[in-house]
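Fair warning: this is a prediction, and the values are worked out from it, not measured in the lab. Ligands are counted one by one from 1 in listed order, and the atoms in each one are counted from 1 as well.
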Amino acid sequence: MSKTTNYDLIIIGGGAAAFAAAIRANELGANTVMINDGLPLGGTCVNVGCVPTKALLHIAEARHNALLNNIPGLDVTIEPFDFATAIAHETALVGEMRSEKYANVLEHLEHVRLIEGRAKLISTHEVTVNEQTLYADNILLATGSTVTTPDIPGLSEAGYITHIAALRNTTLPKRLAVIGSGPVGLEFAQMFSRFGVEVTLLARGKRIAKNTEPVLSQRLATALGAEGITIHTETTVEHVTVNSGIKTLNLHSPSGPETLQVDEILLATGKTPNTAGLGLQSAGVDIDSRGAIIVSTDYRTSVENIFAAGDVAALPLRLEPTAGKEGTLAVSNTLNHEMRTIDFDSTPFTAFTDPELAGVGWTEAEMMKRLGTCLCKTVSFEHVPRAIITGRTEGAITIVADPETRIIRGVHILAPHAGELIAQAMMIAKNQNTIADVVDSLPMFPTLAESLKIAAISFDVDISKLSCCV
Ligand SMILES: Cc1cc2nc3c(=O)[nH]c(=O)nc-3n(C[C@H](O)[C@H](O)[C@H](O)COP(=O)(O)OP(=O)(O)OC[C@H]3O[C@@H](n4cnc5c(N)ncnc54)[C@H](O)[C@@H]3O)c2cc1C
């Protein structure tokens, strides 16, 4: 081991949380080292998460719309689909964004040095990497998470892929089982289905997308089913066997045992925080039962000078924007003695299916749990003129409000571009606007954004009798 080098801050990880932290540390003039290993610089989001999935979903949607061919007067025909070219485009895009948004940015951070190597805590102030020991006043843990591998007998022997291989393989399986029905499982199920793969989605719970309103998850299931995706809910995979490359999943569902034969299995069974082998015990950093690092509202761990941010921390949402913000705030709180935190009740999430599923704040169930009562309304997009015009009425919007104050506490939307629409709801939740505030607003006609106003009006008026101009 070489001798100890001193820093103000050591950041372990090189993803969204680490990068945002490094940028903030640089602004504060802190002598910082960022240590990354495993995924390339930029971590999950740019390399194997948000960016490549959305690039492929965009191509899948274009193919789907061309094949659907349901635009009156427009006859579209498409050549055979070249999946390898789609993957080549996606990987090139990832490479460009990684250098522009991460590598080049890092070069301009004069106080931040990058070390590539596996980091491990050996005490509250010391980290080892590449046979050297580094010392810092403060340490930020931003090591992200890795796909959880469920303990299913025969699964490892049969083989499976995760999002990482799914974004790199240049050939398509004929039949695919997707295990898990959160955003990642849903996005991949629809993407592969739209690329022509026969997809079966296996959900352990009673419904897909369990964190949203039941009516929205039901409508999403109907939309995915209509595209040819088979969905099994309340289904567990008991064991897996493989024979001549064909994988047989033995399932257990309310209707009894069943088998499913596929050519590939995609695991989307949640993420496990990357804390194994990080030396947390040597420093006395506490973790929860999932292995996530327990943090206070200012992102401090059980050790005074060690902080955690992003997917590795035990926090309610695991997204790119939250990881980045947590990284920034952890450094501001540590080095600049601020006491800032994220308000998760006004932080939106989106599953980038088509229609998209987005939400911010409380669901009806959460409101009932917290207040024992709810002022809640769900409106179908059949009442939204833009949705009628474009033939996209399959979605719905739910508003959850406090019955006493009529302050809007939650909005959940299933619709095309719901990920964009939810930004408006985010400001409503952040500013604690009331139903009356939204009724009094003037969204452009005809837009999907009008859905928020129509849903707000529905609390007091029968919207089936509304004219377009009200
Ligand atoms: C398929 C998929 C799609 C997604 N899509 C979206 C989306 O559309 N929008 C969205 O907001 N979020 C999305 N997410 C979630 C988002 O990508 C993550 O929440 C976010 O990237 C987490 O950032 P992070 O910095 O915490 O971790 P990461 O980006 O994972 O970075 C952690 C880094 O630390 C490295 N590391 C781990 N251990 C060590 C060690 N001991 N020493 C050194 N380095 C180490 C890792 O290899 C990695 O490079 C998606 C996730 C997946 C998997």
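- Atoms of ligand 1 lying under 4.0 Å from at least one heavy atom of Arg318, given by number and element, are 15 (C), 19 (O).
- Less than 4.0 angstrom separates some heavy atom of Ala17 from each of these atoms of ligand 1: 25 (O).
- Interface atoms of ligand 1 facing Phe352, defined by a heavy-atom separation under 4.0 Å, are 8 (O).
- Between Glu394 and Arg392 there is a salt bridge, since at least one side-chain N of the basic residue sits less than 4.0 Å from a carboxylate O of the acidic one.
- Of the listed options Leu39, Leu319, Ile11, Asp37, Asp37 places a heavy atom closest to atom 35 (C) of ligand 1.
- Contact annotation for Pro183 and ligand 1: no heavy atom of the residue comes within less than 4.0 Å of the ligand.
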key: Derivation and outcome, side chain to side chain contact (heavy atoms under 4.5 Å, CB included), residues Ile35 and Leu134   = CA-CA 11 Å; Ile35 310 171; Leu134 314 179; 3.8 Å; yes
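- Looking at His163 against ligand 1, only its side chain comes within 4.0 Å, counting heavy atoms.
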task = For Tyr299 and Thr341, run side chain to side chain contact (heavy atoms under 4.5 Å, CB included): C-alpha distance rounded to whole Å, both residues' side-chain angles, the deciding distance at 0.1 Å, then the answer.
result = CA-CA 8 Å; Tyr299 311 105; Thr341 196; 3.3 Å; yes
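- Of the N and O atoms on the side chains of Arg207 and Ser217, at least one donor lies less than 3.5 Å from an acceptor on the other residue.
- Using a 4.0 Å heavy-atom cutoff, Gly117 is listed among the residues neighbouring ligand 1.
- Relative ring orientation between Phe349 and His412 is described as tilted, the plane-to-plane angle lying within the 30° to 60° band.
- Residue pairs satisfying the salt bridge (Lys or Arg N to Asp or Glu O under 4.0 Å) criterion with at least one member in residues 135-155, sequence neighbours excluded, are absent.
- One option in Thr143, Val312, Thr162 has a heavy atom closer to atom 38 (N) of ligand 1 than any other, and that option is Thr143.
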